[in-house]
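Worksheet: one structure, shown below.
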Number of protein chains: 2
Amino acid sequence: MPDTTGIDLDAMRKTAADTSALLKTLANPDRLLLLCQISQGECCVGELEEALDIHQPTLSQQLGILREEGLVNTRREGKRIYYSIASEKAMAVMQVLYEQFCKPAARRKSAARAH
Amino acid sequence: MPDTTGIDLDAMRKTAADTSALLKTLANPDRLLLLCQISQGECCVGELEEALDIHQPTLSQQLGILREEGLVNTRREGKRIYYSIASEKAMAVMQVLYEQFCKPAARRKSAARAH
DNA sequence: TCAATATAATACTTTTTAATATATTATCTT
DNA sequence: AAGATAATATATTAAAAAGTATTATATTGA
């Protein structure tokens, strides 16, 4: 009987590596705030800077990481560059994070209802 | 008119920090595999070691991190220590990760259906 | 004393973060 | 067209902090 355990495990490891790559990209407060803001509608760097009060080089650096990891798209309009969400997977995770961390009251209610 | 922007932003930063702490804990392939396994039912260290082929001190170290961060519970039974999931938030995130990374076919179908 | 698990100690590499400076691209003014 | 300004990106670097893997040892219970 062939040992299929190792094969499955290799596939799982690969998936785990991909998954943890996304999580790692998300695991930074600035980037979470940026994605949160961008997810509510396309915005340019200046708007992000003002809304989140992160100073420009840091902002650009973090946006660069989000770009490299394929989480956001960009579009130039004159001097400005507009960012929007590019990754469904990232959005799916952000949605859950929002439910778990930003809407605790509502969550508790529906959890209670479920009992 | 008081500037309420800063107050909201502080709250958001706090939430973002909490959120990224969880993400950081999850952002490691070994820990993802461990949680995945444990989420399918309580298991002891030996079972995890065999199922995932991670060697003992590393395993114990990663389990230690999951414990410290409150993601898992432990229960001793004789020589063995059984691990189970302790965090609803972590499970909610794991569930989405599973849907996004481990069930791509099913996901694509339902996405297509939605059009 | 053995089995199961945890902790400690260490050495190493890799990341992260933050700050400052500079470059690029586009628009505006004269 | 020249130069000034605005918006954004890139480069550089320094310092701190984390992550990883390994080997050895300790704890707890049977």
Protein-nucleotide distance ([X], atom [atom1]; [N], atom [atom2]), rounded to Å:
| X | N | atom1 | atom2 | value |
| --- | --- | --- | --- | --- |
| Leu66(B) | dG19(D) | CG | P | 13 Å |
| Lys24(B) | dA17(D) | NZ | P | 11 Å |
| Ile65(B) | dG19(D) | CD1 | C1' | 8 Å |
| Gln61(A) | dA7(D) | CD | P | 21 Å |

For a quick check of understanding: with a heavy-atom distance under 4.0 Å over all strands, which category does [X] fall into, base, sugar-phosphate or nothing?
| X | result |
| --- | --- |
| Tyr83(A) | sugar-phosphate |
| Arg67(A) | sugar-phosphate |
| Thr58(B) | base |

Backbone N/O of [Y] and side chain of [X]: donor-acceptor pair under 3.5 Å:
| X | Y | answer |
| --- | --- | --- |
| Gln40(A) | Gln37(A) | no |
| Arg80(B) | Val45(B) | no |
| Glu47(B) | Cys44(B) | yes |
| Thr15(B) | Ala11(B) | yes |

Does Ala86(B) have any side chain to side chain contact (heavy atoms under 4.5 Å, CB included) partners at least two apart in sequence or in another chain, and if so, which?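 Asn73(B).
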What is the first contacted nucleotide of DNA chain C and what is the last, in 5' to 3' order, if contact means an atom lying under 4.0 angstrom from a heavy atom of chain B?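 The footprint of chain B covers dA3(C) to dT7(C).
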Salt-bridge criterion met for Arg75(B) and Glu77(B) (N-O under 4.0 Å):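 Salt bridge flag = yes for Glu77(B) with Arg75(B).
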Hydrogens and angles aside, do Arg67(A) and Tyr83(A) bring a side-chain donor and acceptor to less than 3.5 Å of each other?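 Yes - a donor-acceptor pair under 3.5 Å links their side chains.
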Is the charged tip of Lys89(A) near the ring of Phe101(B): under 6.0 Å from the six-membered ring centre and within 45° of its axis?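 Cation-pi check for Lys89(A) and Phe101(B): passes.
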Over the length of the helix from dT1(C)-dA30(D) to dT30(C)-dA1(D), how much do the five-pair end axes diverge, rounded to 10 degrees?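 Result, rounded to 10 degrees: 20°.
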Could you pick out which residue, Gln56(A) or Pro29(A), lies toward the 5' side of DNA chain C when each is mapped onto its nearest nucleotide?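 Looking at the nearest nucleotide for each, Pro29(A) comes out on the 5' side.
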